[in-house]
Amino acid sequence: MENIRKRIGLLGFSANPPHNGHLQVARLILKKKLVDAVWLVPCYSHPFNKSLISFKHRYEMALLMGNKEIQATNVEFRLKGR
């Protein structure tokens, strides 16, 4: 079996709400072949105490933006940090 390494880029954002601008950034990173995949990382809480809708709702919206190369991760929810 061949050892395949995948370069993953993390795009952290508040996702309040996620929008086409976030998706365009992810697609540009892929187009420039800087990484093989982009993971969208909604923050658990905003570093400047900005009011956010629930993490669950922001994460579910980020999931809808995904495809084969772009996917959302809930790692910030598991870490519960800033």
Side-chain angles (χ1 to χ4, degrees):
M1 177 186 274
E2 183 180 326
N3 185 10
I4 299 174
R5 289 190 175 171
K6 196 170 195 179
R7 298 170 303 154
I8 299 171
L10 302 177
L11 179 57
F13 64 136
S14 65
N16 197 45
H19 52 74
N20 283 334
H22 299 122
L23 202 50
Q24 287 175 332
V25 170
R27 288 179 178 152
L28 181 62
I29 292 168
L30 290 166
K31 181 179 178 181
K32 291 186 172 278
K33 301 195 184 298
L34 299 173
V35 295
D36 302 312
V38 175
W39 288 4
L40 304 174
V41 186
C43 65
Y44 177 70
S45 63
H46 198 278
F48 304 121
N49 295 321
K50 178 180 170 187
S51 178
L52 301 172
I53 57 178
S54 75
F55 179 86
K56 181 180 186 279
H57 191 70
R58 292 180 294 117
Y59 173 65
E60 288 173 355
M61 288 188 292
L63 284 172
L64 294 173
M65 299 172 72
N67 61 31
K68 183 178 138 190
E69 298 167 317
I70 300 171
Q71 47 191 291
T73 177
N74 68 354
V75 66
E76 287 282 315
F77 179 77
R78 291 183 276 149
L79 294 173
K80 297 204 180 351
R82 285 190 186 233

Would [X] and [Y] show up in the same hydrophobic cluster when neighbours are defined by side-chain heavy atoms closer than 4.5 Å?
{"X": "Leu52", "Y": "Met61", "value": "no"}
{"X": "Ile70", "Y": "Ile29", "value": "yes"}
{"X": "Trp39", "Y": "Leu64", "value": "no"}
{"X": "Leu10", "Y": "Val25", "value": "no"}
{"X": "Leu30", "Y": "Leu11", "value": "yes"}

When rounded to the nearest 0.5 angstrom, what is the spacing between [atom1] in [X] and [atom2] in [Y]?
{"X": "Asn74", "Y": "Tyr44", "atom1": "CG", "atom2": "OH", "value": "12.0 Å"}
{"X": "Ser14", "Y": "Ile53", "atom1": "OG", "atom2": "CD1", "value": "9.0 Å"}
{"X": "Glu69", "Y": "Lys6", "atom1": "CD", "atom2": "NZ", "value": "8.0 Å"}

Can you check side-chain contact (heavy atoms from CB on, under 4.5 Å) on Arg78 and Thr73, steps first, answer last? CA-CA 10 Å; Arg78 291 183 276 149; Thr73 177; 4.0 Å; yes
Under a 4.5 Å cut-off applied to non-hydrogen side-chain atoms, are [X] and [Y] in contact?
{"X": "Asn16", "Y": "Lys50", "answer": "yes"}
{"X": "Gln24", "Y": "Leu28", "answer": "no"}
{"X": "Cys43", "Y": "Phe13", "answer": "no"}

Of all heavy-atom pairs between Ala37 and Val35, which one has the smallest distance, and what is that distance?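 Minimum heavy-atom contact is O-CG2, 3.3 Å.
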Where do Met65 and His22 come nearest, in terms of heavy atoms and distance? CE-CB, 4.0 Å
With sequence neighbours left out, which residue pairs that include part of residues 52-62 fulfil the side-chain hydrogen bond (donor to acceptor under 3.5 Å, both in side chains) condition? Lys56-Glu60
Could you work out, with side-chain hydrogen bond (donor to acceptor under 3.5 Å, both in side chains) as the rule, every residue matching Asp36, not counting sequence neighbours?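 Result, side-chain hydrogen bond (donor to acceptor under 3.5 Å, both in side chains) vs Asp36: Arg7.
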Is the side chain of Lys80 donor-acceptor paired with the backbone N or O of Phe77 at a distance under 3.5 Å, no angle test?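 Checking the backbone N and O of Phe77 against the side chain of Lys80, a donor-acceptor pair under 3.5 Å is found.
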